[in-house]
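Encoded as structure tokens, the structure appears first; notes follow it.
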Amino acid sequence: MSQSAEILLLCPILVPFLTGVLALFFWNNRRLQRLISVLGMAATLAAALFLMRTVSSTGIQVLQVGNWPAPFGITIVADLLSAVMVSLAAMMGLAVTVYSLAGMDAQRESFGYYPILNVLVMGICGSFLTGDIFNLYVWFEVMLIASFCLIALGGERAQLEGAIKYITLNLISSAIFLAAVGILYRVVGTLNMADIAVRIQSAPGGPATTLSIMFLVAFGIKAAVFPMFFWLPASYHTPPAVVSAIFAGLLTKVGIYALIRMFTLIYPEGAVHVLIMVIAGFTLVCGGLGAIVQEELRRILSFNIISHIGFMIMGLGLMDAGHAIGKLALTGTVLYLIHDIIVKTNLFLVSGVIQRLQGSGRLSSLGGLYHARPLLALLFMIPALSLAGVPPLSGFWPKLMLVRAGLEAGRYLIVAAALVASILTLYSVVIIWEQVFWKDKPESRVFDRSPISDPLPRSAWLAYLLPVAALALCTLAIGFWVEPFSVLSERAADQLLDPRGYIDAILPNLTEPGPAGLKGAP
Amino acid sequence: MHSVILYTATRYMLPLLVLVSFFLLLRGHNEPGGGFVGGLVAATSFTLYALAHNVAKARRALRIDPRTLIAVGLATAFVSGLPALLRGEPFMTGQWTAFELPVLGKLGTPLLFDAGVYQLVIGISMMIIFALAEED
Amino acid sequence: MSALVGMSLLWVLGLMGVAVVLTFYRLRIGPTVADRVIALDLLSTIGIGIIVVYSIETDKKILLDAAILLALISFVATVAFARYLEKGVRR
Amino acid sequence: MFLINMLLCLIWVALTADLSPANLLFGFVAGFFILWMMRRIEQPSRYYYKAGHAVRLTLIFCWELIKANIRVAWDVLTPTHYMRPGIVAIPLDAKTDEQITLLANMITLTPGTLSLDVSEDRKVLYIHSMYIKDVEQTRREIKEGFERAVIEVLE
Amino acid sequence: MSTLLAIVVGVLYAAGLYMMMRRSIIKLIIGLALLGHATNLLIFTAGGLSRGQPAFVEQGAKLVPVEAIADPLPQALILTAIVIGFGVQAFAIVLFKRAYQTVGTDDLNQMRQTDRLSGGPGA
Amino acid sequence: MTQFVSTLLAIIGAFFILVAGIGLVRMPDLFLRMSATAKASTFGVIFTFGAAIVYFQDLAVTSRCLAAIIFLLVTSPVAAHMIGRAGYLTGAKLWEGTVTDQMREDYGRDEPPGQATPPAEPEPPPNDDSEN
Amino acid sequence: MLWAVLLGFILAIAAPAAHRVLGRASGWVLGALPAGLFIYFLRELAAIQGGGHRVVSHGWVPSLGVELSFLVDGLSLLFALMITGTGALVVVYSGRYLAGHRHLGRFYAYLLMFMASMLGIVLANNIISLFIFWELTSFSSYLLIGFKHDEQRSRQAARMALLVTGLGGLALMAGLLLMGQVGGSLELSELLGRGEELRAHGLYGAILVLVVLGAFTKSAQFPFHFWLPNAMEAPTPVSAYLHSATMVKAGIYLLARLSPALGGTQAWMAILTATGALTMVLGAWLAIQQVDLKRLLAYSTLAVLGLLTMLLGLGVEAAVKAAVLYLLVHSLYKGALFLISGNVDHATGSRDAGELRGLRRAMPWTCGAALLAGLSMAGLPPFFGFIGKESFYAAVMNAPAQAGLLVVLAVVSMTLMFVVAGVVGFRIFMGPVTGGAARAHEAPRAMWVAPVLLGLLGLLFGLFPGPVERGLLAPAAAAVLGHPDVPVPLDLALFHGLNWELALSVLTVAAGIVLYRSWDRVRAAIGVLERLHRHGPARWYEWALQALDKVARVQTLLLQCGSLPVYVQIVLIVGIVAIGVTWGAPINTLDLTGWRDVRLYEFMIVLVMVLATCEIIRTRSRLTAIISLGVVGYCIALIFQFYGAPDLAVTQFAIETLSVVLFVLVLYRLPRFARLTAGVRRGWDALVAVSFGALMTGLLLTSASKESDSHLSRYFAQNSVAEAKGHNIVNVILVDFRALDTLGEITVLAVAAIGVFALLKLRLEKARRRCPPNAADSAMD
Ligand code: NA
Ligand code: NA
């Protein structure tokens, strides 16, 4: 593999890192920090897209960091799923950074917002790219600590209350994950995920199964599935909207990514998939029900995040229903990931604009934006309808695949749950639409602060709308021009369903499982 | 409350502890120690100094702003991975000098990496502890 | 190393272990925080001793370093506690 | 300044257990670097190295240490307490911080006695002693034993 | 010893989690610390115990037989975990302190503002 | 031979450490506990370091052990002083057999030594612990 | 064909801009597109004269088998013509009706989008495409119903329509997918030929129910009919177009289209006929209760939708013919009548049929149109409605089952419809001028052209049914009957001789006249039904929503209760149950041999560690807890030291010390321990915690029995010095073998420190905080 490809593999991790460090150097120069961050994110995105192209054209890319051969050093590896996820992460990073130019207050900016944001993206990209399970833990922690900081940055009461719950539950998840890694090492004697996949076959039953459950619980908490999602609705609406936006788009997705990786590569079969399916069903319905009783913009969206996680892991749960169905389901999951990351981020960004315009996120005190801001209304409606799966927007296609896979697999209950969740999402979106856009703005009560009267400066409006519009365009593009995305997802699903390719790319010397192929030397 | 005894003892312990921390850093590749422990010992010594005297004096003793130390540490660790790229090897492949130094043995990029860790650990510990101690 | 020496060192370690338990007893009963802090201080001192004897017992001199390090830093915790206690009084 | 530097250099060499010239040089550079780092804290006071006094002090100290340890051990291990503890204020002749600190530490290190505090004006040292026959005698023992030796060494 | 340590790990987990289920914020912090200890010890125990055989190559030697040393990899993992845990815990401690100061109580059950449901979706 | 010397030193060290442990439990007040024990333990540890010096007979070990000993000799009395003072200030009770307390008037403590009734701690500041 | 569908969407996007440019003429100009399409479809119709069908396919998402393929046959063209024809008229009409409205541009956009989607439904050959267009009609209908969005009633009606049709849509999606799965294709042209397989398959029942659910919600069949009258909140052109002529017929279209594939079974017949008949009678009955013109028309539309469903359910050739015929009949007269009601509303500001009289003078053109349409609706010769009614009676009399009952119901319904026709087409225009009629004036030309045209068509087709029958209806009926290439002659005529149908017609007219004359009294007399209906499905919908809200609220309060301890506990219980259930390790796999090598001092250390842990839990002093925590940490470090990990030990010592300092520094600010929970709760918590701990112990013991595989360590032991130049293997792993971990780790530390710094130093200015009492609000910058 060429060196440029190797460098490319590390870019999504190292470029944000370097950007963060540079921003740290220029702690007192906000302007420069902004510039560096925007440029850094753009570079990350470029590298990520380039990486995706490389993976798409020449197959799985592998890098042995430090030139130590595969099971011994740390492997950085990009298959299509990883490349897609990294590209999306970089894209959201760029969108959010541009949005931050207007949507982030000066005080937070001068207390390390940009360095931390960059580190967050670094951690997320690292999680997507690593081929080593302990390294995955490390990237999780990088991401987590950055998210802890971002969620608490500013130190307002709601932020702190939310952060406590967020941190505590995520730390429990980390502890379980770490413990599972420790025992896994004992059981299979390796940390490289491909190597684990090979070796765990000779250590079935007993601890191996239990470990799969521990991973399920640990990643489940991070992915915010039923009944372990409490941290998410408790905290996502508390930081500035732009922070919620990147959280909404990416954090739970890392958990889902880990679940996918774990249960396609290491545990491709077993009873766990049934459990995942049950969890998916409850997640779909509970999240949806939660969404319709909230009355604050971002809280509604938070519950929708949970609900839609159900869709993604539903595909994972359907994986064991035969190859064709499994492929359709996983394709749906991958496409749903693509769609969901873009749409969720965008919705939170829009909610930030709304909040900025009207000074509140409560439905009861919002209104009239259909008249006042038709463009904003359109930019909300596109991701919102996509969220609800209205065809032919981006949310429809993966849902179609998943429902079809569920029907073909004969798992009608999960299909029912998915459909119920869809209608609940639609309901919640309709509520937002009616309250925020259609309804007239209620007379502000005497004791209410009046909405911010200062009109947005043009540059700020641009910084707000540019990323929002760009993401909305992506949604439309995926919706109307779904074929390339569908094919991409399908190829990713193919790679997931046949882990041999992944394993062979990482452990080329491994002719048969066992100690024979372990005599590697640098 | 001030204590002459602590104050005086600390004045003499600080250089010694920093020296030890240095020592731990440099020989960590061959014996127990390394950037983490070294950094932690140095951090402990400045913490002690802050407890015995006050944060302002400890800041002066450290000379470098913790935040800068963090940035430099991260940058050092990062830079240590780069030489490999020049030789067409993967990021972070260790590069070593041909000659050997006493104590250190061969010089190499992993040592540079560890030095970055060392600076960073001092930086973060002091950033946290100074900020906390200044709360009072 | 002769078996007798090895045996004796194990007994030495055992004695130190007993001292640890005794010290913990004081930590447990207090009565004041200062008592507990001395107990902690003593525990770390005994820890140093244990590490030294243990490194002799195993004939591994690199294990000694931990003892030296503990000697260097455990003091800081004690100072911190003392500062805390005094601060509480001054207010 | 140079002395401290040399001292640090020596400690370095001792720590690394390597007497080669290169290591000496490295130790010196390291020591210099550390001193440079510390430069701003305060000016080091002058050093007078009085070897004889120091040896004497060390001997006194060691003797006291052993003697007192055994005495305390006896008291600890036997069922009855022979103690007559109390807190005594000792007026100080020692002036510099170093003298006071060294004195206080030595008192503390000899079991049975414990330096509790130095008054704000640095004129009085409060010690806790386990065996007080007579307050004045306790004072005298300290002043004529440790304090004189300490002052002589660190003058 | 592994059996004993396994039990200790269990005790640490139980104690840490019990503390985390208290309503007091300090107990929560302490619980988190115990949880970290438990996990580290768990990895250590799981990694296999070998008494008095540190993972070093003798000076002058080129290599060491793997049977003669404790497994170094779990140690490296734990070291990483300890340090990460320290960073996270330091942040958590300060955050919880700020939360206590801002909210004015250390009772976690009184910190449910962000989960409160109020009113319905406007009809 | 050196092994036996070293073992002997270790035994002496362990003996003093044990004494310190027993003293900590047996001694009736904070200051006596400190006087009797913290130093005994330092003394004991110094012996064990001596044992190591004798056992390994290695320049590196010797120099490090000496450095540690010197360091202990500096830190342990300072630590004792800090805790002692803090203990006194937070109102640790003096044993009833205490003959004199010349710090009392200077530090404004009101109860005479050896009185059994006073509370274990002074009025705790709002953020202090309640002790059992 | 693709462009025929897509043009509508493109024009929809351009419509707001076009409206801005064109101003008042926009209606005429934009109406040209549907008109042009109408002509285009007429030409298509000519192409399939004498039978035949055509499939046009364009690739879209080949990987999913989704194509933009279109099926052109009699049925789809019948609908396409109705859609474009009425569409053109309605667009032109709207241009005047909403002239000056600030959002007229958007209105055009929605209307054109709807039209295009509707065309998509009726033309689609791919069932996924069909579904996509289906949903788009629901959505555009939502926007159109809620067009007057500042009124809450509009918003509610829009939401109701969307939720009901959305629910049906999802069912339809499942049904269509199942059908595709069973039939092995997503193309209608294929599926229609596989009716046998479909009907024989075990999933037929599910498919039928799901598809029918979709169709019924869209076509407002009982019990989903309630959204339609409420949808009358929409501007009148919308009601005319969507809610009478086209969208509500989408369900009918679907049933007609799928009847070759799914129809003909007992279940199909029972469900469709029963529901259709019920809807028909109910709609007609409720219609004459109304005084609001639009609601009157809406309920009568329900009746017709029921009628059509019933006919399709019967499935016999006569019924299909009647259905196809009545479809067209209804579109013509009902579209006209809606537009007329719009004119009246526009002119008088009122739609109260009970009050308005005598409009004929003020609004001659409208009145004329109303007479034409009303007569057709009343089923009087020589209007097209008469032929439709005759044909309907014929079909019902030939029903395969329950013919007698159906005839009675049909006559009753038709009689009631006669009354409606009388009220809307006659009553309000005749008699003395009353109420708002005094202010009335004739509507502008653009607004009376459409109804007049439609009314005239009704007359024209009545007089000369031949061309329309041969050209349009016969191919359509053929398509419904499953042989699109063989047209089915309908044999339409005004007079077939003296037969039962005629008799029933006479009966209908007679009864209708009687009823019409006593409309006011009848209304009062049968008010009981209206009152009963108030507790009907609309109320069920409300109940359902309320129940949903309640359930959602309860589950959210239960799960998202806000108490962190509860959250922790739930997560733990999940973990315990999940791990415990799958563990299933028999107790004898536990490796308990690890006792033997315990040394005394090790035991002491471990003992102290356990005791210190207990002390942490037991103590009520913060400092004691911190000290004990330090003890635990130091003891762990000692264990590391004993078992060959000096690096770990030193790090643990150093970190533990720093942590203690940290705790102590923070402690100033923290409160003392308080015991806040009751004893029972503590016991339960302890049980949970101990269970988890026991599981971890067990897991450790189970895995400890495994022989560990040390191939990684072997590699490290061999290469540490040789390749990585370091003797301390652990350190070499950290800075070389696994340096990337360490890079991540120091990043964690750096961020943690920055976070701590920011937490301690950053105090947001008070002035920038907004709405402090509210958590969510104060979170925004
Ligand atoms: Na964590
Ligand atoms: Na998320």
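In what follows, chains are A, B, ... by sequence order, proteins preceding strands, each numbered from 1. Everything quoted here is computed from the prediction, not taken from an experiment. Both backbone and side-chain heavy atoms feed into the values below; hydrogens, waters and symmetry mates do not.
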- Task: Check the pair C/T23, G/V608 against side-chain contact (heavy atoms from CB on, under 4.5 Å), reporting the backbone distance first and the verdict last.
- Result: CA-CA 9 Å; C/T23 312; G/V608 165; over 6 Å; no

Atom [atom1] in [X], atom [atom2] in [Y]: separation rounded to 0.5 Å?
X      : Y      : atom1 : atom2 : answer
G/S628 : C/R28  : OG    : CZ    : 9.0 Å
G/M604 : C/I46  : CE    : CD1   : 11.5 Å
C/L27  : G/E615 : CG    : CD    : 7.0 Å

Would you mind checking which part of [X] comes under 4.5 Å of any heavy atom in chain G, side chain (CB onward), backbone (N, CA, C, O), both or neither?
X     : value
C/L69 : side chain
C/L43 : side chain
C/L70 : side chain
C/L72 : neither
C/V37 : both

- Between C/L10 and G/R599, does a side-chain contact (heavy atoms from CB on, under 4.5 Å) hold up when you go through it step by step? CA-CA 8 Å; C/L10 283 185; G/R599 291 180 177 173; 3.7 Å; yes

- Task: Check ring-ring contact (aromatic ring centres under 6.0 Å, His included) between G/Y601 and all other residues, then give those that pass, not counting sequence neighbours.
- Result: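 By the ring-ring contact (aromatic ring centres under 6.0 Å, His included) rule, G/Y601 matches G/F642.
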
- Message: As an exercise: rank C/I51, C/L15, C/V76 by heavy-atom pairs under 4.5 Å with chain G and give me the winner.
- Response: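 Heavy-atom pairs under 4.5 Å are most numerous for C/I51.
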
- Looking at C/F24, C/Y25, C/F75, which has the largest count of heavy-atom pairs under 4.5 Å with chain G?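 Winner by heavy-atom pair count: C/F24.
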
- Item | Contact summary for G/G630 and C/L40, nearest pair of heavy atoms |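 The pair with the smallest heavy-atom distance is C-CD1, 4.4 Å.
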
- Message: To check you understand the geometry: which heavy-atom pair defines the closest contact between G/Y634 and C/S44, and what is its length?
- Response: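 Looking at all heavy atoms of both residues, the shortest contact is CE1-CB, 4.0 Å.
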
- Item | Part of G/A612 within contact of chain C (heavy atom distance under 4.5 Å) |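 It is both, since atoms from each part get that close.
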
- Task: Measure distances from G/I605 to the heavy atoms of chain C and classify the residue's part below 4.5 Å as side chain, backbone, both or neither.
- Result: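 Side chain only.
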
- Query: Of all of G/V660, G/L600, G/I627, G/T657, which one pairs up most often with chain C through heavy atoms under 4.5 Å apart?
  - Reply: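 Most heavy-atom pairs within the cutoff with chain C belong to G/I627.
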
- Query: Based on non-hydrogen pairs under 4.5 Å, which of G/L638, G/L611, G/I626 is most in contact with chain C?
  - Reply: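 With the most close heavy-atom pairs to chain C, the winner is G/L611.
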
- Query: Listed by residue number, which members of residues 647-654 of chain G have a heavy atom under 4.5 Å from any heavy atom of chain C?
  - Reply: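 When heavy atoms of chain C are the reference, residues 647-654 of chain G contributes G/V650, G/F653, G/A654 within the under-4.5 Å range.
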
- For C/K61, does the NZ atom sit with more than 12 other heavy atoms under 6.0 Å from it, leaving out its own atoms?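 At most 12 heavy atoms, drawn from other residues, nucleotides or ligands, come within 6.0 Å of this atom.
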
